[in-house]
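These notes concern the structure reproduced below.
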Amino acid sequence: PTRISSELLELAIHFKDIEFANYSQLLIGIAGSTVSKEGKLAMIELLLHPRLKVDLSASDQFGETALSRAVGLKDCDVAGLLLRSGVNPN
């Protein structure tokens, strides 16, 4: 397997306690994860598929969104991907 596919598997294992029906919470978790940039971006792109209807402005129990996590980690690639996908920056 490629490095990215291995990291996607690692993410799936890491988030095994999250119901995959809750894609918005999964997106927040991935934005704050420590896997490689390529793995993180690939997984986020999968979650942004229009058929999944992910709420890009959803927040976790601490009020954090995927964008706020990406910005807090200074992850410009993830923040840019989220913004290009239509996330509200406010």
Side-chain angles (χ1 to χ4, degrees):
T2 67
R3 190 182 90 212
I4 291 176
S5 64
S6 296
E7 289 175 344
L8 291 177
L9 178 59
E10 178 185 328
L11 279 170
I13 292 168
H14 178 73
F15 292 108
K16 69 182 181 306
D17 58 331
I18 296 176
E19 291 182 31
F20 279 89
N22 194 346
Y23 296 115
S24 300
Q25 294 301 310
L26 183 59
L27 177 64
I28 295 167
I30 292 169
S33 71
T34 57
V35 298
S36 76
K37 174 176 65 171
E38 294 86 4
K40 192 184 302 189
L41 291 173
M43 189 65 169
I44 290 173
E45 286 178 7
L46 288 173
L47 287 171
L48 294 176
H49 190 282
R51 291 185 65 193
L52 295 180
K53 299 179 181 165
V54 172
D55 180 1
L56 298 177
S57 61
S59 59
D60 65 10
Q61 67 270 26
F62 304 108
E64 280 198 282
T65 64
L67 182 61
S68 68
R69 283 211 181 156
V71 169
L73 294 170
K74 297 178 175 52
D75 192 332
C76 296
D77 295 311
V78 170
L81 175 59
L82 292 168
L83 288 168
R84 286 190 302 278
S85 297
V87 72
N88 183 349
N90 296 314

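Please read all numbers here as calculations on a predicted model, not as lab measurements.
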Next item on the list: Quick one: closest heavy-atom pair of Ser57 and Thr65, and the distance?
Entry: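 Reported closest heavy-atom pair: O-CG2, 3.8 Å.
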
Item checked: Closest approach of Ala79 to Ala70 (non-hydrogen atoms, all atoms of both residues) ->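 Ala79 and Ala70 have their closest heavy atoms at N-CB, 3.8 Å.
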
Donor-acceptor pairs are to be reported for all side-chain atoms of residues 82-90 against protein atoms at under 3.5 Å, with residues two or more places apart or in another chain.
| residue | atom | partner | partner atom | Å |
| --- | --- | --- | --- | --- |
| Arg84 | NH1 | Gly80 | O | 3.3 |
| Ser85 | OG | Leu81 | O | 2.8 |
| Asn88 | OD1 | Asn90 | N | 2.9 |

Which atom pairs, one a donor and one an acceptor, fall under 3.5 Å between side chains of residues 71-78 and the rest of the protein, sequence neighbours left out?
| residue | atom | partner | partner atom | Å |
| --- | --- | --- | --- | --- |
| Asp75 | OD1 | Asp77 | N | 3.4 |
| Asp75 | OD1 | Val78 | N | 3.1 |
| Asp75 | OD2 | Lys40 | NZ | 3.1 |

Notebook entry, point to check: Who passes side-chain hydrogen bond (donor to acceptor under 3.5 Å, both in side chains) against Glu64, sequence neighbours left out?
Noted result: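 Counting only residues at least two positions away or on another chain, Glu64 forms a side-chain hydrogen bond (donor to acceptor under 3.5 Å, both in side chains) with Arg69.
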
Next item on the list: List in chain and number order the residues that pass side-chain hydrogen bond (donor to acceptor under 3.5 Å, both in side chains) with Ser59, two or more places apart in sequence or in another chain; answer none if no residue qualifies.
Entry: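 By the side-chain hydrogen bond (donor to acceptor under 3.5 Å, both in side chains) rule, Ser59 matches no residue at all.
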
